[in-house]
Each structure stands twice: as C-alpha cells, then as structure tokens.
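Given the structure is predicted, the values throughout are model-derived calculations rather than measurements. In the text below, chain A, chain B and the rest are named by the order of the sequence lines, each starting its count at 1.
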There are 2 protein chains.
Amino acid sequence: MTEGTHFQRVRPVRLYQDIVDQIESAIARGALKPGGRLPSERELVAQFGASRATVREALRVLEAHGVVRSRPGQPSGPEVLSFSPDSLANQMTRLVQLDGMSLTDLLAFRMVIDGAASRLAARLHTPEQRDAMERSIAAMEQAIETGYDEFSEADVAFHDAIAQASRNAMIQVCNNVVRGVVLQVIEDKVRRAFDSEALMRESLQHHRDVFEAISTGDGEAASRIARQKLYDYYAGYVPEEDRAGILALLDVEPP
Amino acid sequence: MTEGTHFQRVRPVRLYQDIVDQIESAIARGALKPGGRLPSERELVAQFGASRATVREALRVLEAHGVVRSRPGQPSGPEVLSFSPDSLANQMTRLVQLDGMSLTDLLAFRMVIDGAASRLAARLHTPEQRDAMERSIAAMEQAIETGYDEFSEADVAFHDAIAQASRNAMIQVCNNVVRGVVLQVIEDKVRRAFDSEALMRESLQHHRDVFEAISTGDGEAASRIARQKLYDYYAGYVPEEDRAGILALLDVEPP
DNA sequence: TCTAGTTTACTGGTCAGGCCACGTCGCGCG
DNA sequence: CGCGCGACGTGGCCTGACCAGTAAACTAGA
C-alpha cells in the first residue's frame with residue numbers, strides 16, 4: 001500500500017455485526033473454548049447493552065457461521081461448537097451447490113484432489129490405514145452381488161481411507177465436498193449405469209490397482225491411476241467440448 | 001439405504017430456518033435471479049405469516065450465507081447477490097481461518113493446487129493470459145527496486161493469471177483462499193525474509209522458469225517447478241517433523 | 001419549461017415488553 | 001431410597017413502536 005491520504009470507505013456499523021465480531025474474535029483468541037457455553041440471550045442483552053432482538057440476530061449469524069448452536073431449554077446458554085473439518089465441509093458443500101459449479105470443473109478438481117491424496121497416501125499410509133483400504137475393497141467385492149448402494153458405500157469408504165492417509169485436512173475436506181456434490185449432480189445417471197455387474201467388477205479392479213500402487217509406495221502410479229479411473233467413469237457426463245481441460249490432467253501427450 | 005423401518009430423527013423446525021430454506025431453494029431453482037430484489041421485510045412478513053423479528057433473523061442467515069444483502073433506504077427490498085466464486089472464496093477463507101488449519105496442511109494443499117493450475121495452464125492458456133503472466137513478471141522485476149509490497153502484489157497477479165488459465169473455477173477459488181490464509185499466517189516473517197534484493201531476484205527467476213514451462217506447453221515441468229518453488233520458500237516455516245508429508249509432493253525419490 | 005429544493009412515503013435497524021413450549025433441577029411425596 | 005411433579009430459566013416467536021436513512025414525488029423559483 002502506498003502511504004498517505006488513502007481513506008477507507010466508511011460503512012454504517014450494524015450492532016448485531018459488532019456482536020458477531022466480538023464473539024468470533026473471542027473464540028479465535030481462545031477466550032471462548034469449543035464445548036463451552038455462551039451466556040444466555042438475556043445475559044448477553046445485559047452485557048452488550050443491546051436489545052434481545054439484536055442479540056438474537058447476532059446469534060443467528062454465528063449459528064450460520066457454524067461456530068455456535070443454541071437449543072431451547074438448555075439452562076447454560078448457547079453452545080460453542082468445536083471446529084471439526086466436518087463443519088467446514090458442510091458449509092463448503094452448501095456454497096459449491098449454490099454456486100452452480102459446472103460438472104466439468106468439479107470433475108477436474110476431483111481428479112486433482114484424489115490424485116494428490118493417492119500420491120501422498122502411497123508415501124504416508126500407516127498399516128492400519130492400509131488395512132482399512134483393504135477392507136473397503138473386500139466390501140466392494142461382496143457388494144457386487146448385494147447392490148449398487150452397498151458398493152457405493154464401500155467405494156466412499158475406500159476413498160476416505162486414502163484421504164485420511166494423505167494426512168492433510170484440506171485434502172480430506174475437499175475430497176468430501178467434491179465427491180458429495182459430484183455424486184449428487186449425477187447420482188441417478190451413475191446409478192443406472194452402474195447397476196450392471198460388469199461395470200462394478202471393472203471399477204473394483206481399478207480400485208485394486210490404486211491400492212496396489214499405494215501399498216507398494218508408488219505415489220506416481222497411484223496418482224495416475226486414480227485420475228485415469230475418475231476420467232474413465234465420469235468423462236461421459238461432461239460436454240464433449242469441455243473434455244480437453246480434463247485430459248490435460250492425465251499423463252497423455254497432446255494430440 | 002436398506003428398505004424398511006429406518007426412521008429419521010425428527011428435529012424441531014424453526015420458523016426462520018424454514019424461511020431461509022424457502023428463499024434459498026427459490027434462488028437455487030432460478031425463481032429468484034441474482035441482481036433481483038426480495039420483497040421488503042414487511043412484505044415478507046405478510047407472505048410468510050411470521051413476525052418481522054423472525055423474518056429478519058432469516059435475512060441475517062441469508063446474508064451470512066452470502067446470498068442476499070439488505071441495505072437501509074433501498075425501496076426495492078434486499079438484493080439477491082450474484083454468485084461469483086469470490087463469495088465462495090470469502091466464506092471459505094473465513095472458515096479455514098477459524099478452523100485453525102495447520103500451516104503444514106495449508107502449504108501442502110497450496111502445492112497441490114498451484115501445481116495442478118500450472119499443469120492445466122500450460123495446456124490451456126490463451127495468448128491474452130500468457131501476456132498477463134508476462135506483464136506480471138515484468139512488474140515483479142520492476143518492483144525489486146520498489147519494495148516488497150509491490151513485489152508481492154505482482155506475484156499474486158502472476159498466480160492469479162495461472163489460475164485463470166487453468167479454466168477451473170474450483171482451482172481459482174482454492175488458490176485464492178489458500179494463498180490468502182498462508183500469507184496471513186506468516187506475513188510478517190516472509191516480509192522480513194523477503195526484504196532483500198537477492199531473495200526477490202531468486203523468486204523472480206523461479207517465476208520465469210514456471211512461465212517458460214507454461215508458455216512452451218510443458219505442463220509436467222510447470223507443475224514440478226511450481227511445487228518445488230513453494231516448497232523452497234515456505235518449508236522453513238513448518239515444523240521439521242512435518243516436512244516428510246510435503247516432500248512426498250515433490251518428484252524426488254524417497255530416501 | 002426546466003431546475004433546485006423540499007416533502008413524503010417507504011426502507012432497514014433497533015428497541016421494549018410479553019407469551020409460550022420445553023429442558024433441568026430439586027423438592028417433597030410415597 | 002426412588003420417583004414424580006413442579007418452579008425456574010431457556011430459547012422461539014410475536015406485537016407495536018421509534019428512528020435514521022434513501023429515493024421518488026412534488027413544489028416553488030428562475
């Protein structure tokens with residue numbers, strides 16, 4: 001920033017916003033710990049010197065931000081929520097949905113995330129995580145005869161295990177978000193397509209390949225196979241003219 | 001889901017939440033378009049049959065969700081905001097900050113995102129975007145004598161140009177978010193370290209390398225160099241025992 | 001007629017006070 | 001000792017009101 005007469009736009013400060021800021025910064029600096037409770041609404045009215053309506057509007061905002069939850073009857077006041085990445089994932093999912101991201105962008109992004117997760121998992125996985133992956137694959141195999149729902153569930157578990165093994169919270173969050181949104185967008189189509197044993201077997205084999213690469217520590221291969229697999233299954237659902245941007249994520253030479 | 005007696009937890013429905021849901025789904029299905037206006041608060045009171053306090057609480061939530069904005073005096077009622085990825089980025093930034101992500105996770109994630117963006121940019125960039133990158137590099141060169149602030153600004157512009165060239169909205173958003181949060185966490189340290197001409201020249205050269213790889217269409221190299229560069233500059237700020245997880249993202253063999 | 005200032009009708013922001021349903025806790029009854 | 005029932009405090013919601021703005025309608029002046 002340059003020095004001197006560089007003023008900032010004045011904005012009318014809203015009381016409820018001030019309350020939100022105060023409480024959030026109290027949480028951020030640790031004065032209010034997750035699991036703890038806020039004073040009751042009427043108590044906050046006294047402390048902030050605002051009306052109850054105003055305090056309540058602030059509480060609604062805090063609730064929307066996911067940092068607080070208030071339930072009726074609780075004698076100890078609103079609850080300060082702990083910050084699990086889950087809440088981040090939930091909020092992010094809502095935003096991505098509302099934002100109307102294109103399936104193309106989502107798929108490409110998922111390839112990036114899943115590829116990176118697989119690469120990291122190959123280097124960093126613990127024996128327990130390896131077992132979890134193996135169990136998920138076994139569950140997928142069993143589910144071939146049970147049905148798509150169980151198969152899909154095991155598939156999710158497998159990818160979750162990989163994301164966990166990546167030891168990166170951001171990747172785990174993005175993984176959850178983007179998988180959820182993608183599946184939601186094309187769930188019925190996928191369900192129809194996948195309701196054949198052949199496709200499930202093929203998918204199972206691909207998962208085995210990824211698992212093989214991960215457990216031998218070959219991050220490069222794990223990443224490549226994971227991306228390729230996603231492309232193979234989902235590219236059919238994105239407009240043809242958009243596929244170039246996704247192909248660039250595979251390790252194929254340009255035509 | 002299995003068939004049969006699988007009930008769902010009943011939850012007391014709150015009026016303001018109902019209003020939020022109705023308005024958000026109206027936006028989601030296109031009945032309410034960005035740029036349009038909501039009815040005035042008193043009008044909403046009539047339509048929903050709720051009190052103004054309740055309607056206002058709903059509006060606060062919607063505002064926190066970033067889908068509307070209400071300002072006093074506007075005769076046409078609250079404004080329905082357009083969904084720029086910017087709003088997604090803003091909200092995500094707030095969440096990531098509050099969640100207290102570790103610098104390690106953030107840095108690794110940034111390497112993933114920036115690497116993917118560079119790879120895509122190499123294949124997909126337009127001549128205009130190439131020019132924008134070139135201009136940013138020129139600005140960086142000039143800024144070496146001006147100061148760190150200008151240098152940093154040009155640096156941001158360069159990475160933005162790459163993210164744009166990736167043509168992937170999710171990557172652009174994540175790029176913005178994670179860069180912002182990382183810089184915020186260690187801004188002062190970086191500022192001190194970077195206030196030497198030598199480091200800025202080195203950084204400039206690295207950017208030139210990335211640019212070179214992108215403009216010749218070598219996505220693999222662009223991605224690798226981008227990740228390496230981030231590692232070199234920031235790895236010093238993460239705890240030593242965490243670096244293994246980041247190293248796995250570089251194309252070096254395990255020891 | 002056209003402009004400039006003023007009125008007016010609305011907006012959102014805030015307040016005070018009140019009612020209700022529902023948890024929690026403790027007291028007293030069996 | 002255990003159990004049920006009340007009192008108390010909580011959040012959810014409502015009514016009705018006042019204020020400070022904005023913008024459009026209106027009116028007085030050139």
Side-chain angles (χ1 to χ4, degrees), chain A residues 8-24 26-27 32-82, chain B residues 8-24 26-27 32-82:
Chain A
Q8 202 150 20
R9 175 107 180 91
V10 296
R11 39 154 206 155
V13 55
R14 263 151 280 201
L15 285 196
Y16 65 84
Q17 185 58 49
D18 193 16
I19 297 180
V20 168
D21 291 343
Q22 284 197 48
I23 293 182
E24 277 191 345
I27 294 177
L32 247 42
K33 283 171 204 153
R37 327 290 293 211
L38 243 46
S40 77
E41 292 184 359
R42 288 160 176 91
E43 177 65 25
L44 290 171
V45 165
Q47 290 193 26
F48 284 111
S51 76
R52 196 160 156 230
T54 303
V55 166
R56 279 179 60 79
E57 289 187 23
L59 286 175
R60 292 294 83 76
V61 174
L62 289 168
E63 212 163 341
H65 283 184
V67 305
V68 141
R69 178 178 44 190
S70 48
R71 274 175 304 185
Q74 225 79 342
S76 21
E79 181 182 0
V80 179
L81 296 180
S82 66
Chain B
Q8 201 149 20
R9 176 107 180 91
V10 295
R11 39 157 203 154
V13 55
R14 262 151 279 201
L15 283 198
Y16 65 85
Q17 186 58 50
D18 193 17
I19 296 179
V20 168
D21 290 342
Q22 284 197 47
I23 293 182
E24 277 191 345
I27 294 178
L32 248 42
K33 284 171 206 153
R37 331 287 296 210
L38 244 45
S40 78
E41 292 185 0
R42 288 163 175 89
E43 178 63 26
L44 290 172
V45 165
Q47 291 192 25
F48 284 111
S51 78
R52 190 145 95 98
T54 302
V55 167
R56 279 180 61 79
E57 289 186 25
L59 286 174
R60 292 293 83 78
V61 174
L62 289 168
E63 212 164 341
H65 284 184
V67 305
V68 304
R69 176 177 50 188
S70 48
R71 274 175 307 186
Q74 225 76 348
S76 21
E79 181 182 359
V80 179
L81 296 180
S82 66

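Side-chain contact between V13(B) and Q17(B) is absent, with no heavy atoms from C-beta onward closer than 4.5 Å. Between F48(B) and I23(B), some side-chain heavy-atom pair lies under the 4.5 Å cut-off. At least one side-chain heavy atom of I27(A) sits less than 4.5 Å from a side-chain heavy atom of V67(A). Side chains of E79(B) and Q74(B) form no contact here, defined as non-hydrogen atoms less than 4.5 Å apart. Contact of the L59(A) side chain with the L38(A) side chain is registered, since non-hydrogen atoms from C-beta on lie closer than 4.5 Å.
Between the CD atom of E43(B) and the P atom of dC10(C) there is a distance of 12 Å, given to the nearest Å. In this structure, F48(B) places its CZ atom 19 Å from P of dG12(D), rounding to the nearest Å. When rounded to the nearest whole Å, the span between CZ of R42(A) and C1' of dA16(C) equals 13 Å.
Within the nucleic acid shown, R37(A) has no heavy atom closer than 4.0 Å to any nucleic acid atom.
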Atom pairs, N/O to N/O, protein against nucleotides 13-16 of chain D, distance under 3.5 Å?
{"unit_1": "dC13(D)", "atom_1": "OP1", "unit_2": "L15(B)", "atom_2": "N", "d": "2.6"}
{"unit_1": "dC13(D)", "atom_1": "N4", "unit_2": "R52(A)", "atom_2": "NH1", "d": "3.3"}
{"unit_1": "dC14(D)", "atom_1": "OP2", "unit_2": "S51(B)", "atom_2": "N", "d": "2.8"}
{"unit_1": "dC14(D)", "atom_1": "OP2", "unit_2": "S51(B)", "atom_2": "OG", "d": "3.1"}
{"unit_1": "dC14(D)", "atom_1": "OP2", "unit_2": "T54(B)", "atom_2": "OG1", "d": "2.5"}

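With salt bridges taken as basic N to acidic carboxylate O contacts below 4.0 Å, one links E63(A) and R60(A).
Here the closest heavy-atom approach between residue P78(B) and residue S40(B) is recorded as CD-CA, 4.3 Å. Here the closest heavy-atom approach between residue G66(A) and residue L81(A) is recorded as O-CD1, 3.7 Å.
The stretch residues 61-81 of chain A comes close to DNA chain C through G73(A), Q74(A), P75(A), each having a heavy atom under 4.0 Å from the strand.
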Item checked: Steps toward salt bridge (Lys or Arg N to Asp or Glu O under 4.0 Å) verdict (R14(A), E57(A)) -> CA-CA 11 Å; R14(A) 263 151 280 201; E57(A) 289 187 23; over 6 Å; no
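For the side chain to side chain contact (heavy atoms under 4.5 Å, CB included) test with P39(B), the passing option among R37(B), E41(B), E43(B), R42(B) is E43(B); the others fail.
Recorded end-axis angle for the helix from dT1(C)-dA30(D) to dG30(C)-dC1(D) stands at 10°, based on five pairs per end and rounded to 10 degrees.
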